[in-house]
Amino acid sequence: MMPGRAEEIIMRFTRRSFIKATSASICLPAIVGRAWAAEGGAPLPIPEVMDLAGGTMGELTAQLGKSRMLQGVETETAGYSQAFSGPLIRVKRGETARLKLGNTIAEPVSVHWHGMFIEGAQDGGPHSPVNPNEVRDAVLDIDQPASTLWYHSHIMERTGAHVWYGLAGMLWVDDPDAPDSGLPNTYGEDDIPLVVQDRIFGSNGAMVYTPRGPSLMHGYRGDEILVNGAIRPEASVPAGLVRLRILNGSNARIYHFAFEDGRSFAQVATDGGLLPAPATMTSLTLAPAERAEIVVDFSDGAAVRLLSGPDTNSPMGGMGGMGGMMGAMASPQTDANGMFEVMRFAVNTGLAAKVTALAPTLAGAPVPEFGEPVRRRSFRLDMMGAGGMMSMMAGGGGGMAINGDSMDMGVINVAAPLNETEIWEISAAQMQHPFHVHGTAFQVLSNGGKPVDSAKVGLKDVVLVDGKAEILIRFTRTADAATPYMYHCHILEHEDAGMMGQFTVA
Ligand code: C2O
Ligand code: CU
Ligand code: CU
């Protein structure tokens, strides 16, 4: 690979990050002498739409860029055909979506279509890199329920860094034949994408990514919250019902969303598409890579903030005094109620309130048809494997595993038969892990020792494993040994440290 300017920048990212880590990363609120301010309240950026319906050819080129996220400095970022993140891609069920994938960054990247039911050869995982200055064709046969998916780079040991700097975007599947459920659907007005990500910025405004020791074990978390690439922005919404399609695009942080005034909202969709009926709630937990669509009523005209509770997911729970020692994780400052701000909403009566009531059931929700399971497999997510936690605490990496094996690109861990329903039992002793499977969607049968009501949870491709989870799963697309599917923890530092396996479907 020819070293170039881009490569220098990537290397600088790393070097700066390293300097930062030794001085102040674990640090906390006030960084002395920083050249920037992080003020929220700027208008929520609405991603540009790349509509691939009707055979329009799309293009996604990984690039480096500069973004204005902070006041006073520019931040070096990465994106697909833009400075940070990527366009919101829309595809239609029943069509073939085509894209040219390019890469002007001096290291391989990929475009993995997270949540899409497509063959391994098109899945965009670690075996399908887009090398620097190369162009690759993506040909995606879209056949799955309408849903909120996303795409991101997925290179062996680099996924965490790539997503952190910006190589991730949203993708919506539309189903023209599904009955209209009457949900708000005016893009950017009452149907709004929200990609929520936490970040750490160094004193010079550069994003800092240095997972090691505790920040590798917990997963790398930040103390500033970005929504669609802006710090705690403000959305302008009509005085009616608004659909928020939320993606937790963070590397590791688990959010516990709630509105400041305690208002209830209705969850209408999950990873794999609509729920059979809206589920009313006042708080929503979303682990990394999970999506939820919620409908919020703004008809009272009041401004309100969306907050989150802190992420307490930690492997140190059972290790006595170490909890305190390991508590030095970057985290947004919380208020007196223990909550931090994610973003704000202001009602604009100049916008048309097109939807004012929600149907009691959602026509067009996918009906899961798994049938009787024919076999059971177990997956044990392990943070202690080869090398172990002590090495990680001392600043080492690696050592994470599934069933004792760290991810090895040359080893196929599971061969799953096509169209056979299986039960997968996933266990995780030390902390909660968001377990993700490529190529399909599954139903959660139980989690944390309790049965799960699938009507309330819907189809999923990520499950936050609480001790032990059982899922009902079936594969309807194939993946060969050259381009297998992955299953892994979606705390990206865990994935990159080896908590991933690969499987074929035939
Ligand atoms: Cu979001 Cu293996 O992926
Ligand atoms: Cu995926
Ligand atoms: Cu994990």
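Quantities reported herein were computed from a predicted structural model and do not represent experimental measurements. Indexing begins at 1, ligand by ligand and atom by atom, following the structure's order. Just so you know, residue 1 is the first one in the sequence shown, and it goes up from there.
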- prompt: With distance as the sole criterion, is a donor-acceptor pair present between the side chains of His127 and Thr483 under 3.5 Å?
  reply: no
task: Please determine, by modelled atom types, if Gln502 and His438 share a side-chain donor-acceptor pair under 3.5 angstrom.
output: no
task: Taking the Cu ion (ligand 3) as the reference point, name the nearest N/O/S atom of His494.
output: ND1
- request: Mind checking the CG-OH spacing from Leu101 to Tyr151? Nearest 0.5 Å is all I need.
  value: 10.5 Å
- request: Quick one: name the protein N/O/S atoms under 2.8 Å from atom 1 (Cu) of ligand 1, chain by chain.
  value: His114 ND1, His152 NE2, His490 NE2
statement: Rounding to 0.5 Å, atoms OG1 (Thr476) and CG (Asn419) come to a distance of 6.5 Å
- prompt: Do the numbers put Arg245 on top of the ring of Trp172, so that NZ or CZ is under 6.0 Å from the six-membered ring centre and no more than 45° off the axis?
  reply: yes
task: Enter the distance from Thr478:OG1 to Leu418:CG here, rounded to the nearest 0.5 Å.
output: 7.0 Å
message: For a distance under 2.8 Å, tell me if His433 has an N/O/S atom near the Cu ion (ligand 3).
response: yes
- request: Using the side chain to side chain contact (heavy atoms under 4.5 Å, CB included) rule, pick out the option among Thr312, Leu464, Ile491 that qualifies with Ile254.
  value: Leu464
